[in-house]
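Working notes for the structure below.
What you see is a predicted model; the values in this text were computed from it and never measured. Indexing begins at 1, ligand by ligand and atom by atom, following the structure's order.
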Amino acid sequence: MAVTFPLPVELQPDAVAQAYAECERVTAAYAKTFYLGTLLMAPAKRRAVWAIYAWCRRTDELVDGPQCDSTSLETLQDWETQLEKTFAGHPQDVYDLALYAATRNFPLEIQPFRDMIAGQRMDLCQCRYETFAELETYCYRVAGTVGLMSLAIMGARQDSLAVRRAAVALGVANQLTNILRDVGEDLQRGRIYLPIADLTAYSYTVNELKNGVINGAWRRLMRFQIERARSYFTQAAPGVNELCGDARWPVWTALMNYRRILDQIEGNDYDVFSRRAYVSLPGKLAHLPWALWRSYWGV
Ligand SMILES: CC(C)=CCC/C(C)=C/CC/C(C)=C/CC/C(C)=C/[C@@H]1[C@@H](COP(=O)(O)OP(=O)(O)O)[C@]1(C)CC/C=C(\C)CC/C=C(\C)CCC=C(C)C
Ligand SMILES: [Mn+2]
């Protein structure tokens with residue numbers, strides 16, 4: 001029988017193992033706590049999550065990383081073509097090989113990956129959001145998609161629409177939290193993610209925002225934004241215990257750690273201009289038993 005090249009991934013175990021190891025390295029370097037959480041998962045699952053993490057990180061770096069000035073719509077088009085090739089069984093590099101191998105083990109759909117690239121296009125072309133509906137689309141694309149990608153690996157069975165919604169909600173909650181934490185940092189890059197309609201509704205001007213003014217209007221506006229982000233965490237929470245057993249503890253931990261950032265913003269009297277809200281390592285560790293308890297007993 002004639003042998004055709006390249007060999008299918010099943011026949012290249014060493015290359016695939018090396019590819020996963022590269023993705024593991026990227027994950028451990030960028031997201032230490034999250035990486036430790038993945039070690040609780042079965043080996044095949046954790047490797048697939050690392051492959052997704054590495055792809056998401058590389059995608060984000062195109063518009064946020066050191067080379068971002070040279071990223072154009074054409075770059076993102078090429079990146080999407082590379083993605084299509086990967087899913088079609090023609091990975092172009094070691095990270096894509098890992099992602100392709102993951103697609104052979106888990107029912108990963110390509111659409112959330114395409115949607116994330118569409119989110120990066122928004123970052124390239126848009127630096128203001130008029131309404132929350134527009135911002136929500138952005139958050140789905142850059143973060144809700146991560147929920148859907150993860151679900152293909154961490155989902156327990158054929159996932160219901162409710163579980164898919166919960167997975168998207170967790171991504172959106174994380175991204176809204178990111179946006180509130182990084183208001184000052186994003187301003188430096190000329191980006192305003194807070195919906196302009198919300199600023200107007202709370203009588204807070206773009207000029208005040210640019211000057212980092214913290215007044216009554218700002219505090220009321222931020223309280224509203226924080227409650228909105230919390231409502232997405234609340235929507236996500238019942239979905240976590242629908243995940244397979246070994247994913248529940250890490251996902252609860254991630255959810256609780258991220259949600260705590262909102263408390264920190266409140267604790268900093270809504271100063272997101274000169275202070276960065278974060279959860280300390282002892283703070284993160286303190287959640288672990290509580291997250292474990294929830295992974296058995298639920299919300
Ligand atoms: C049913 C149910 C509740 C299922 C759970 C599904 C699940 C595990 C959801 C995870 C959602 C999640 C962690 C989303 C990440 C959202 C996020 C922070 C996105 C970031 C985007 C851009 O933001 P920005 O540029 O403003 O931020 P930086 O300053 O650059 O940080 C992202 C950076 C996009 C890229 C996302 C990643 C690199 C994270 C990928 C994460 C995973 C693949 C694993 C998720 C798994 C767990 C266990 C949390
Ligand atoms: Mn980024």
Q. Out of Ala247, Gly144, Ala48, Ser150, whose heavy atom is nearest to atom 7 (C) of ligand 1?
A. Ser150
Q) Is the backbone of Val213 close enough, under 3.5 Å, to the side chain of Asn211 for a donor and an acceptor to pair up by distance? A) no
Q. What atoms of ligand 1 come closer than 4.0 angstrom to any heavy atom of Asp64?
A. 25 (O), 30 (O)
Q | Under 3.5 Å side-chain donor-acceptor pair for Ser72 and Thr75 | A | yes
**Q.** Nearest non-hydrogen partners of Leu83 and Ile117, listed with the distance
**A.** CD2-CD1, 4.1 Å
Q: For the Mn ion (ligand 2), find the closest N/O/S atom belonging to Asp64 and write down its atom name.
A: OD2
Q: Could you list the atoms of ligand 1 found under 4.0 angstrom from a heavy atom of Gly239?
A: 1 (C)
Q. Just by distance, with hydrogens left out, do Tyr232 and Arg228 show a side-chain donor and acceptor under 3.5 Å apart?
A. no
(Q) So for ligand 1, is Asp60 a polar contact partner (N or O within less than 3.5 Å, distance only)? (A) yes
Q: Just need the protein heavy atom nearest to atom 42 (C) of ligand 1, so name the residue and atom and give the distance.
A: Val146 CG1, 3.6 Å
(Q) Within the structure, is a non-hydrogen atom of Glu242 found at a distance of less than 4.0 Å from ligand 1? (A) no
Q: Mind running side-chain contact (heavy atoms from CB on, under 4.5 Å) on Phe87 and Leu99 for me, showing each step along the way?
A: CA-CA 8 Å; Phe87 269 73; Leu99 182 59; 4.3 Å; yes
Q. With a cut-off of 4.0 Å, which atoms of ligand 1 are near a heavy atom of Ile52?
A. 43 (C)
Q) Strictly under 4.0 Å, does any heavy atom of Ala236 approach an atom of ligand 1? A) yes
Q | Atom of Asp60 closest to the Mn ion (ligand 2), considering N, O or S atoms | A | OD2
Q: Ignoring hydrogens and angles, state whether a donor on the side chain of Asn241 or Trp297 is under 3.5 Å from an acceptor on the partner side chain.
A: no
Q. Going by atom types alone, do Gln264 and Asn268 pair a side-chain donor with an acceptor below 3.5 Å?
A. no
Q | Salt-bridge criterion met for Arg191 and Asp123 (N-O under 4.0 Å) | A | yes
**Q.** Nearest protein heavy atom with distance in Å, relative to atom 20 (C) of ligand 1
**A.** Gln175 OE1, 3.6 Å
Q: Under 4.0 Å, heavy atoms only, figure out whether ligand 1 is touched by the backbone of Phe34, its side chain, both or neither.
A: side chain
Q | Distance filter under 4.0 Å to Val163 heavy atoms, resulting ligand 1 atoms | A | 1 (C)
Q) Nearest heavy atom to atom 4 (C) of ligand 1: which of Ala169, Ala167, Ala152, Ala31 does it belong to? A) Ala167
Q) Given Glu266, which of Arg181, Arg259, Arg230 fulfils the salt bridge (charged side-chain N to carboxylate O under 4.0 Å, His left out) condition? A) Arg230
Q: Could you list which atoms of ligand 1 come closer than 4.0 Å to a heavy atom of Val142?
A: 19 (C), 21 (C), 34 (C)
Q) Counting each atom of ligand 1 from 1 as listed, which ones have a heavy atom of Ala254 under 4.0 Å away? A) 49 (C)
Q) ligand 1 versus Pro250, non-hydrogen atoms closer than 4.0 Å: side chain, backbone, both, neither? A) neither
Q.
Tell me the contacting part of Met149 for ligand 1: side chain, backbone, both, or neither, using a 4.0 Å heavy-atom threshold, strictly below.
A. neither
(Q) Tell me the closest heavy-atom pair linking Tyr20 and Ala51, and the distance in Å. (A) CE2-CB, 4.2 Å
Q. Using a heavy-atom cut-off of under 4.0 Å, does the side chain or the backbone of Leu243 touch ligand 1, or both, or neither?
A. side chain
(Q) Can you name the atoms of ligand 1, numbered from 1 with element, that are less than 4.0 Å from a heavy atom of Cys56? (A) 35 (C), 36 (C), 37 (C), 38 (C)
Q. Nearest protein heavy atom to atom 9 (C) of ligand 1, by residue and atom, and its distance?
A. Gly147 CA, 3.6 Å
Q. Thinking salt bridges, do Glu61 and Arg58 make one under a 4.0 Å N-O criterion?
A. no
Q: Go through the steps to decide whether Trp290 and Trp293 satisfy the test ring-ring contact (aromatic ring centres under 6.0 Å, His included), and finish with yes or no.
A: CA-CA 5 Å; Trp290 186 209; Trp293 189 87; 5.4 Å; yes
